[in-house]
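Residue numbers begin at 1 in each chain, while the letters A, B, ... track the order of the sequences. Just so we're clear, the structure is a prediction, and the values are computed from it rather than from any experiment.
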Amino acid sequence: MTYVFQILLLVLLIMTAAGAIMVKDLISSVLILGFYSFLLALVWAWLGAVDVAFVEAVVGSGLATVFFLLTLFGTAPKDTHIRRVAAPPIALLGLPLLGLLLLYSAEDLPRLGDPESPASVHVSPGYLTGSLKETNTPNVVTSVLMDYRAFDTLIETAVIFTAGIACALLLRRKRQ
Amino acid sequence: MINAHDSAIVRAMTRLLIPLIQLFALYVLCFGQYGPGGGFVGGVMLGTSLILGILVFGPVSRACLVAKKVTHGDGIGLIIFAGVGGLCLIGGGEFLNYANLEIPWLDTSSRRYLGILLTQIGVAVDIAVTAISIVFSLSLIDDSEESHD
């Protein structure tokens with residue numbers, strides 16, 4: 001019976017995703033996208049990925065919305081109103097077929113939480129059993145991100161630093 | 001082009017919320033090894049608390065002055081992260097292998113615990129400063145010092 005909430009959540013997720021694309025005004029689109037991110041965070045939490053849900057709630061529906069809104073306020077109103085063109089018939093025919101193909105191939109993916117799936121038999125058992133003993137860290141996500149895979153995190157931090165520098169170089173000019 | 005908000009309710013609520021957000025951010029940052037969260041989320045929340053201050057109190061407020069001072073620390077977080085890796089090199093091991101941090105009274109697992117904590121602080125500083133810096137870039141607030149030039 002808890003499936004009622006999950007189905008409701010997924011229906012709302014699809015509705016907000018479609019609404020963010022179909023709405024006329026870009027500011028409404030950004031706000032609906034923030035709501036979509038919040039629903040997506042609930043889906044992550046339902047799947048047990050609490051850390052990802054946390055990041056999605058804070059970054060997706062908080063920080064990214066602020067960035068989008070600041071960008072929109074910096075543009076002229078005529079730029080934020082979109083004109084839509086009708087979809088070509090090949091897209092109307094081809095995209096549902098592509099969706100059917102993806103649904104068909106999704107049958108071969110491992111089930112949710114399958115202990116025999118390739119992702120959970122290679123290195124994951126080593127992390128799960130070794131994290132508390134080797135690093136004193138009960139949260140395996142943190143120890144994988146910061147210790148076992150610290151190189152990836154270092155480069156990600158460098159990427160974010162580069163994004164900040166690139167924004168400053170592109171947008172900050174000397175104003176008279 | 002961002003102006004201070006006129007509503008007294010919004011200003012009072014923001015004044016109440018900013019310390020709470022910062023407190024929760026520090027909790028998330030320091031307890032990332034025991035619960036969900038960690039350096040990334042903690043850094044974003046620290047940055048977001050100052051961004052909220054900029055958006056509500058405007059460019060000529062104390063929150064904005066603090067944020068301008070904070071942007072001078074761009075890159076410090078990356079230096080902390082890479083510096084911890086460099087200390088591991090000095091200790092005689094591989095880059096970012098925290099077991100080689102030379103702290104004599106700690107055993108291997110405690111050294112790795114300390115390494116995780118220090119690099120998380122580095123990530124948090126980097127993310128917070130970058131978020132504030134991007135907001136300054138997008139909102140076209142001039143964040144140079146007014147005193148010289």
Atom CZ of B:F95 with >12 non-hydrogen neighbours under 6.0 angstrom: yes
State, yes or no, whether a side-chain contact exists between B:Q33 and A:N139 at a heavy-atom distance under 4.5 Å. no
A:I160, A:V141, A:L132: which one forms the most heavy-atom pairs within less than 4.5 Å of chain B? A:I160
For the CD1 atom of B:I79 and the CZ atom of A:F161, what is their distance to the nearest 0.5 Å? 8.0 Å
Rounding to 0.5 Å, atoms CD1 (B:I51) and CG (A:L63) come to a distance of 5.0 Å
Quick check against the 3.5 Å criterion: does A:N136 have a side-chain atom that pairs as donor or acceptor with the backbone of B:Y113? no
Tell me whether A:L12 is reachable from A:I14 by hopping between hydrophobic residues (I, L, V, M, F, W, Y) whose side-chain heavy atoms are closer than 4.5 Å. no
Is it true that A:F68 and A:Y36 fall in one hydrophobic cluster, defined by side-chain heavy atoms closer than 4.5 Å? yes
Hey, any chance A:L42 and A:L40 share a hydrophobic cluster, counting ILVMFWY side chains that come within less than 4.5 Å of each other, even indirectly? yes
What distance separates B:S137 OG from A:R172 CZ, expressed to the nearest 0.5 Å? 3.5 Å
Indicate yes or no: at least one non-hydrogen side-chain atom of A:D147 is less than 4.5 angstrom from one of B:L96. no
Taking B:F31 as the starting point, is it possible to reach A:V140 by hopping between hydrophobic residues whose side chains are less than 4.5 Å apart? no
Tell me, for B:I132 versus chain A, whether the close heavy atoms (under 4.5 Å) come from the side chain, the backbone, both or neither. neither
How about B:L20: does its CG atom have over 12 heavy atoms from other parts shown lying under 6.0 Å from it? yes
Any side-chain heavy-atom pair of A:T153 and B:F40 under 4.5 Å: no
Residue B:V28 versus chain A: region with a heavy atom under 4.5 Å: side chain
Quick one: do B:I90 and B:L106 end up in the same hydrophobic cluster if we chain Ile, Leu, Val, Met, Phe, Trp and Tyr together by side-chain heavy atoms under 4.5 Å apart? yes
In terms of heavy-atom pairs under 4.5 Å with chain A, the winner among B:D74, B:D107, B:L114 is B:D74
In terms of heavy-atom contacts, does CZ of B:R11 have more than 12 from other residues, nucleotides or ligands at under 6.0 Å? yes
Which of B:V129, B:T130, B:T119, B:L117 touches chain A most, by non-hydrogen pairs under 4.5 Å: B:T130
Okay, side chain of A:T142, backbone of B:G32: is any donor-acceptor separation there less than 3.5 Å? yes
Relative to chain B, which segment of A:L154 carries a heavy atom at a distance below 4.5 Å: side chain, backbone, both, or neither? both
Just by distance, do the side chain of B:Y98 and the backbone of A:M146 share a donor-acceptor pair under 3.5 Å? yes
For B:S133, is it the side chain, the backbone, both or neither that has a heavy atom under 4.5 Å from a heavy atom of chain A? both
Residue from A:D51, A:V52, A:T71 scoring the most non-hydrogen pairs under 4.5 Å with chain B is A:D51
Working to the nearest 0.5 angstrom, can you tell me the gap between A:K133 NZ and B:T108 OG1? 12.5 Å
When you look at CD1 of A:I90, are more than 12 heavy atoms from neighbouring residues, nucleotides or ligands closer to it than 6.0 Å? no
Interchain contact, A:I165 with chain B, by part (heavy-atom threshold 4.5 Å): side chain
So, taking the atom named CD in B:E94 and the one named CZ in A:F151, what distance separates them when rounded to the nearest 0.5 Å? 9.0 Å
Would you compute the distance between atom CG of B:L138 and atom CG of A:L72 and round it to the nearest 0.5 angstrom? 10.5 Å
Considering only heavy atoms, which portion of B:L55 lies under 4.5 Å from any heavy atom of chain A: side chain, backbone, both, or neither? side chain
Residue part contacting chain B, namely of A:V55, when any heavy atom lies under 4.5 Å: both
Closest non-hydrogen atoms of A:A158 and B:L78, given as atom of the first, atom of the second and distance, are N-CD1, 3.7 Å
